[in-house]
There are 2 protein chains.
Amino acid sequence: MDVTWSVDLSLDRGSPVPLYFQLSQQLESAIEHGRLRPGALLGNEIRLAGRLGLSRPTVRQAIQNLVDKGLLVRRRGVGTQVVHPRVRRPSQLSSLWDDLEAAGRRPSTLVRSLAAVPAPPEVATALGLADGAEVLRLERLRLADGEPLALLLTYLPPHGFRPSADELETTGLYRLLRTAGVTPHSARQTIGARAATPEEATALTEPPGAPLLTLTRTAYDTAGRAVEHGTHACRASRYSLDLQLLLRP
Amino acid sequence: MDVTWSVDLSLDRGSPVPLYFQLSQQLESAIEHGRLRPGALLGNEIRLAGRLGLSRPTVRQAIQNLVDKGLLVRRRGVGTQVVHPRVRRPSQLSSLWDDLEAAGRRPSTLVRSLAAVPAPPEVATALGLADGAEVLRLERLRLADGEPLALLLTYLPPHGFRPSADELETTGLYRLLRTAGVTPHSARQTIGARAATPEEATALTEPPGAPLLTLTRTAYDTAGRAVEHGTHACRASRYSLDLQLLLRP
DNA sequence: GAGTGGTCTAGACCACTAA
DNA sequence: TAGTGGTCTAGACCACTCC
């Protein structure tokens, strides 16, 4: 049973937005708003293409898009089906700042220190620099709705880019890096836990020895240059990480 | 400068393996083995297609594959470039069992309890069952090289599938589920930290109050039925989670 | 046997980048 | 201006699933 007949799909060939993307967005919105119900069969790619005046590859590209997002499943000999909506949300582990904003909480940042220092050995290794090379050391306290959430210790290699404390308190670091022409491509992240040191406990208003969730991340650009290395120490009592996984066999 | 000329790319049209996949694998292996160096330009999709006797869309599909894996970057007007190899490894967060095996450690499992019980409220909610519905409760101790690593508490809805303690001690749970025809499609996971309870501390040979890394996961099939819900409590001193992220703007 | 997605071809025009 | 990837077309045959 073909369900897409009941959905209003309209394409604008004059738009600079690619046709496959327009279709992909409209299908996604239809799923999101329940106009395409979970389990519904999308029906024949070829008929769909014919109805929309598109070629089949274009329609396939749109569908593949949503399959990659986990909204649709294709089964050969059966059809394309809407996945049950139990699972949604960005599957990305984006920046802490953006996560908080998206969650409707009011993030803020306090810059505790910002200085050029010689890189400690472990940092030099992570950034691919010579031992003791000069790096920018940045220590921030991240708050949500005025309540301390995490201590962020960040090291930046010399980009020629030197953010001010002011900028750092009004925007996320990644956004600043991007506007400075530094675009991270991939990152390696280690998630662990440990007990808070006395200093950390004080800064985070936790009892000494409280469990912290730690995220240590190194980000790279496409040339393989390290762009950032840092550790987030989060109050486990106030913060947890939500991940969405697609399990592909 | 086109680098692919120096790489031996041979396709077998008689093979059941799709051509785009053959090409994709050979390029990946060439990158992995350094025959295609980081930063190298792959050069013109059309010439590459011509040389291999393929059509351009087929070549594009192969390349897109590697772009999605983060091994290549495309830039319009410039070309397709090999990303620096700083970052590799499966970007999936797979099963704990497989992760350990891949890391060359010897995983083992001790089943501490396995019984049908009425679902606690929180579990019933997560699994989408009525309060008090019967579920399979499974408590395991995961070890690596004989050393306790994590306590795994798992709840399974009634699949008609009832694993034996024996099977559970020799294989990972997900592998068992799959052979029973239950195929997870996506999962939602929450990562946090907390202090160990006295019982947990004993089982994990940690001091009481030691920090634990906790992973709470609910997995769903394509129909949106919950397939599994459970919590892993890992010794933070012995275990951390490695993630590989691709940052797409 | 009928219907589905999976793969593949041989073209075309456009937008962007760099020299 | 020349070269690149981005998008799009109109077909084709195959493998698989279900009836």
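Just so we're on the same page: letters track the sequence lines, and every chain starts at 1. Keep in mind the model is a prediction, meaning the values are calculated, not measured.
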Given atom [atom1] of [X] and atom [atom2] of [N], what is their separation to the nearest angstrom?
X: B:Leu42; N: D:dT4; atom1: CG; atom2: P; value: 12 Å
X: A:Leu19; N: C:dA15; atom1: CG; atom2: P; value: 13 Å
X: A:Gln61; N: C:dG5; atom1: CD; atom2: P; value: 17 Å
X: A:Arg74; N: D:dT17; atom1: CZ; atom2: P; value: 16 Å
X: B:Ile46; N: D:dG3; atom1: CD1; atom2: P; value: 12 Å
X: B:Gln64; N: D:dC8; atom1: CD; atom2: C1'; value: 16 Å
X: B:Glu45; N: C:dA10; atom1: CD; atom2: C1'; value: 15 Å
X: B:Asn44; N: D:dA2; atom1: CG; atom2: P; value: 16 Å

Inset, instruction - Report, as yes or no, whether the 6.0 Å neighbourhood of atom CD on A:Gln25 holds more than 12 heavy atoms from other residues, nucleotides or ligands. - result: yes
Inset, instruction - Would you indicate whether B:Asp12, at its atom CG, is surrounded by more than 12 heavy atoms from other residues, nucleotides or ligands within a distance under 6.0 Å? - result: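 Above 12, so yes.
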If the cut-off is 4.0 Å, is [X] near the phosphate of [N], judged by side-chain N/O to OP1 or OP2?
X: B:Ser55; N: C:dG11; answer: no
X: B:Arg13; N: C:dT9; answer: yes
X: A:Tyr20; N: D:dC8; answer: no

Under 4.0 angstrom, heavy atoms only, what part of the nucleic acid is [X] near: base, sugar-phosphate, or nothing?
X: B:Gly53; answer: sugar-phosphate
X: A:Pro16; answer: nothing
X: B:Arg75; answer: sugar-phosphate

Inset, instruction - Kindly indicate whether the side chain of A:Arg47 and the base of C:dT4 share any N or O donor-acceptor pair separated by less than 3.5 Å? - result: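 By the distance-only test, no, there is no pair.
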Inset, instruction - Kindly indicate whether the side chain of B:Arg76 and the base of D:dG3 share any N or O donor-acceptor pair separated by less than 3.5 Å? - result: no
Inset, instruction - For A:Thr80 and for B:Arg56, locate the closest nucleotide of DNA chain C by heavy-atom distance; then report the residue assigned to the nucleotide nearer the 5' terminus. - result: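 It is A:Thr80 whose nearest nucleotide is closer to the 5' end.
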Inset, instruction - Identify, between A:Pro57 and A:Val78, the residue whose nearest nucleotide on DNA chain C lies closer to the 5' end. - result: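 Upstream on the strand: A:Val78.
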Legend entry - Member of A:Leu41, A:Leu71, A:Leu72, A:Ile31 meeting the side-chain contact (heavy atoms from CB on, under 4.5 Å) criterion with A:Leu36: A:Ile31
Legend entry - Test item: B:Gln189 side-chain N/O and A:Leu245 main-chain N/O as donor-acceptor pair under 3.5 Å: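 It does not hold such a pair.
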Inset, instruction - Compute whether any side-chain donor of one residue and acceptor of the other, for B:Gln64 and B:Tyr20, lie under 3.5 angstrom apart. - result: no
Inset, instruction - Report the residue (B:Arg60 or A:Leu54) whose heavy-atom-nearest nucleotide on DNA chain D is the more 5′ of the two. - result: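 With B:Arg60 and A:Leu54 compared, the 5'-side residue is B:Arg60.
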